[in-house]
Amino acid sequence: MSEVILEMKDIIKDFPGVRALDHVNFQARTGEVLALVGENGAGKSTLMKVLSGVWPYPTYEGELYIKGDLKEFTNTREAEEAGVAIIHQELNLIPGLSVTENIFLDKQETNFCGKIEWFKLHSKTKELLEKLNITDIQPTDLIKELTVGQQQMIEIAKALSVNAEILVFDEPTSALTDREIEDLFMIIRALKAQGVCMIYISHKMEEIEEIADRVTVLRDGKTIGETTRIKDITLDEIITRMVGRDIEDMFPKQDFEQGEKTLEVKGINVEHPFLTDEKKVEDVSFSAYKGQILGIAGLMGSGRTELVSGIFGVNPDETTGEVYLNGKELSINSPQDAIQEGIGLVTEDRKLLGLLLGQDIVTNTTLASLDYVSKYGVINKLEERKVTNKYVDELNIKTPNIDVNVNTLSGGNQQKVVIGKWLATKPEVLILDEPTRGIDVGAKVEVYRLMNKLVEEGVTVIMISSELPEIMGMSDRVLVMCEGKLVADLDREEATKEKVMEYATGNFKGGSKA
Amino acid sequence: MKKFLKDNATLLALIALGLILTFLSPAFFTPRNLTNLARQVTIIGIISVGMTMVILLAGIDLSVGSIVGLAAIVVTLLMQAGLSAWLAILLTILLCGVLIGLWNGFWIAHYDIPPFIITLGMMTIARGLALTLSNGSSVPVTSKVFSIIGGGYIPKGISGIILAIGLITILYSIYKNVKQQKEYGMEVKKSEVITKAVLAILGILFAFAVFFSYRGIPVPVAIFAVIVLAGVYTLRNTKFGRRLYAIGGNEEAARLSGLNVYKTKLMVYTIMTTLATISGIILASRLNGASPNLGKMFELDAIASVVIGGTSLTGGYGTITGSIIGAFIIGVLNNGMSLLGINTFYQLIVKGLIIIVAVWFDVMNKRKKA
């Protein structure tokens, strides 16, 4: 039996008007992977910020013990020295510097006149990488030349370089391909064997089932139930603890009659922006129908986002091919053209590509449909507010009023604002790129219900997702992409998890079908 | 109350500055001095309107000072060549304002080159053009019509009517706003409405008192006021204004939402240089001639006004009213220190400190909110 390395007792953390953590008790042991789950806003990040010294003592109440010693961190450095390291969702590496420089950032050993001992550092880096079984990265490689997955490995190496004994992973797989996730899990298992304590925050239940030993659930700043061994609890029970109610139906798919063909694309090619003979998307053709949800599956980097961006006119110089809507060929050279033709694209990264984070809900909601609320270039502010209120109600966006900045909303509500923005353009075809990434279970189900409703109203819905259960659960038809090519077009009955995965990884044994 | 103080900190600072100067120098709070002050602020003020738009887009325009000089030279040369004042002004606006603006905007929007570089280049080019065209020497003009633009006054009677109409319009728009809000079932903040109305009445009465006891509204101030009102209206109520905030806030998100980023940038840089050109014409008119070195460092004064007024250099936040208050703070400081006989060398130091303190205050304010 491993020993308790971390103990947090009766932690209370108040923000103006909200109690983010309410008497949280939390324990983690050496050599285990402890999953910390909860909906957005449940207090996971706050708890980890207390642990890592971001919220210094005494801005919180309660006691924090590491290896039995009471710790009162006043800054992150102290937490680091006590062996706590966090692998952040957004990677904190400097892209223009090398692997070694990043790992030993500001901790470089120098000789007597202050010159950095590069050879020593490089060999130390090499050692660290070897410890993680990483052979394809050199200490002198620049961070920007690495894939996201490799960058994450470097973050882990960096944490180990300071002898971290408590490693916190905050949504580590949200940007990784399946293969990279496998690599990550291998490293996690290796570290576990070395006795490192790991706290794993994730929304993805399958991952938790696969990698975690025990699970702690937070809801509304409180721990719900005891920390339980993953073997002794079902995923449904975890979800029930998280949302405080039974979600009887995670995927409330409704069936409608298949209508006529609406969107049809033929021979879409998207060139690589830098490499001349590489293609991001190669000769993709497909059709979408009224009354259906068309799912597009594939690994990250398989060209799904590039495909829909190409259709939407984001990179007109790199895209060729034909797009038809209701039998009429469209000429789309910019997102503006696409919107006018009745196509909407809910982009994948809501903070980077979807929202004006400094602006209020009204501005964000009507951004793509200003034409509907203005006359002769002058905005009718009353009409604008009416439209916004309509979508806030319809989408059940939780907010005190429509004048608050969108950056004060939770991830799920932000996503709803982005969706509202596109609904306001009254699209005939709505493409959703990873619509539920990083939002909590309750909000996910709401997004699914909304998709049903759109289909019922006659909107053609196309959904890109990396989460297979979502693709399986919500699509009427599944397209699978692999390395820029469309490799499968499956009916719901044919599309099994295994089959889709085999196509997506390019390993289909039964011959290819497209 | 605390919120009111915070939201109107720069305006209050301006009023405090005025009060202090009134005590220190008897010549400050006189109709004549205040009228002149308003006229002086006009030049930088007009540029600040455009600069606010440019900075809202997270851009910058360093060429405007040189364009003031170039415009002054071009308009005077055209008149020397025998063109009538109106035709000369029109041609200058087209040649210096629109054409150069399109040039700047084209490079910035089409090739995505940082505006700092493009306008830095244009700053040198425009100054060079002004020096070349004028052969390095001043160009005098003697046109009565032309001199009215920068030096004339609107007769008192008409001034009074204009101010009265202005007051009625403002009060009516406040009333209409409240009515609409009520109609729509929104909460009407009484204190806010009353503050607005009182400020409007006081402001207009003050303007009335100042201009009426001297010689009426100076023509350049009237032009300035029209530009400011048009600018404020554009930013608040038009799609174009909304596009500026959106693109400055998140350019890629704006583009993906179907906003025409290219066209917007082109327009903003064109508006900017057009306003700088108008400023140059007013300056030439006031001086009854032009020198190729006019407008040096004006770009920095305009940027300072915008920044003091609370507009973020990273784009997406800010207002024209703030920038105008900023321009007045700089104007009052210059004017007051001159009246007090403070050496211009010290004036520069004080101006620099004010910029730093104003931005520091703004940053601290924002941090507290977050």
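Hydrogens, waters and symmetry mates play no part in the numbers below; they use all other heavy atoms, side chains included.
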What side-chain hydrogen bond (donor to acceptor under 3.5 Å, both in side chains) pairs are there with at least one residue in residues 265-275 of chain B, not counting sequence neighbours?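 Of all non-adjacent pairs touching residues 265-275 of chain B, those that pass side-chain hydrogen bond (donor to acceptor under 3.5 Å, both in side chains) are Glu251(B)-Lys265(B).
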Is chain B contacted by the side chain of [X], its backbone, both, or neither, given a heavy-atom distance below 4.5 Å?
X         : result
Lys386(A) : both
Leu367(A) : both
Glu384(A) : side chain
Ser334(A) : neither
Asn389(A) : side chain

So for atom NZ, which belongs to Lys381(A), do other residues, nucleotides or ligands contribute more than 12 heavy atoms lying within a distance under 6.0 Å?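 Counting other residues, nucleotides and ligands, NZ of Lys381(A) exceeds 12 neighbours.
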Partners of Phe312(A) by ring pair (Phe, Tyr, Trp, His ring centres under 6.0 Å), sequence neighbours excluded?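 Residues passing ring pair (Phe, Tyr, Trp, His ring centres under 6.0 Å) with Phe312(A): Trp422(A).
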Contact residues of residues 302-319 of chain B (partner chain A; heavy-atom separation under 4.5 angstrom):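 Gly316(B), Tyr317(B) fall under the 4.5 Å cut-off.
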Any side-chain donor paired with an acceptor under 3.5 Å for Thr119(B) and Asn104(B)?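 Asn104(B) and Thr119(B) do not have a side-chain donor-acceptor pair below 3.5 Å.
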Do the side chains of Glu383(A) and Lys375(A) get close enough for a salt bridge, i.e. N-O under 4.0 angstrom?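 Not counted as a salt bridge, because no side-chain N and carboxylate O are separated by less than 4.0 Å.
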If you apply the rule side-chain hydrogen bond (donor to acceptor under 3.5 Å, both in side chains), what do you find for Ser410(A) with Asn413(A), and how did you get there? CA-CA 5 Å; Ser410(A) 71; Asn413(A) 284 311; 3.2 Å; yes
Looking at Gly241(B), Gly249(B), Ala254(B), Ala246(B), which makes the most heavy-atom pairs under 4.5 Å with chain A?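 Most heavy-atom pairs under 4.5 Å with chain A: Ala246(B).
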Partner of Thr305(A) under side chain to side chain donor-acceptor pair (under 3.5 Å), chosen from Thr347(A), Asp349(A), Asp433(A):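 Going through Thr347(A), Asp349(A), Asp433(A) one by one, the side chain to side chain donor-acceptor pair (under 3.5 Å) with Thr305(A) is satisfied by Asp433(A) alone.
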Taking Asn237(B) for the side chain and Val378(A) for the main chain, is one N or O donor matched with an acceptor at less than 3.5 Å?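 Not at all, since once roles are kept as given, no pair shorter than 3.5 Å links the two residues.
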Throw together a table of side-chain donor-acceptor distances under 3.5 angstrom for residues 225-234 of chain B, partners on residues two or more places apart or in other chains.
unit_1    : atom_1 : unit_2    : atom_2 : d
Thr234(B) : OG1    : Ala230(B) : O      : 2.6

Of the backbone (N, CA, C, O) and the side chain (C-beta and beyond), which part of Arg243(B) lies under 4.5 Å from a heavy atom of chain A, both, or neither?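 Looking at Arg243(B), nothing touches chain A.
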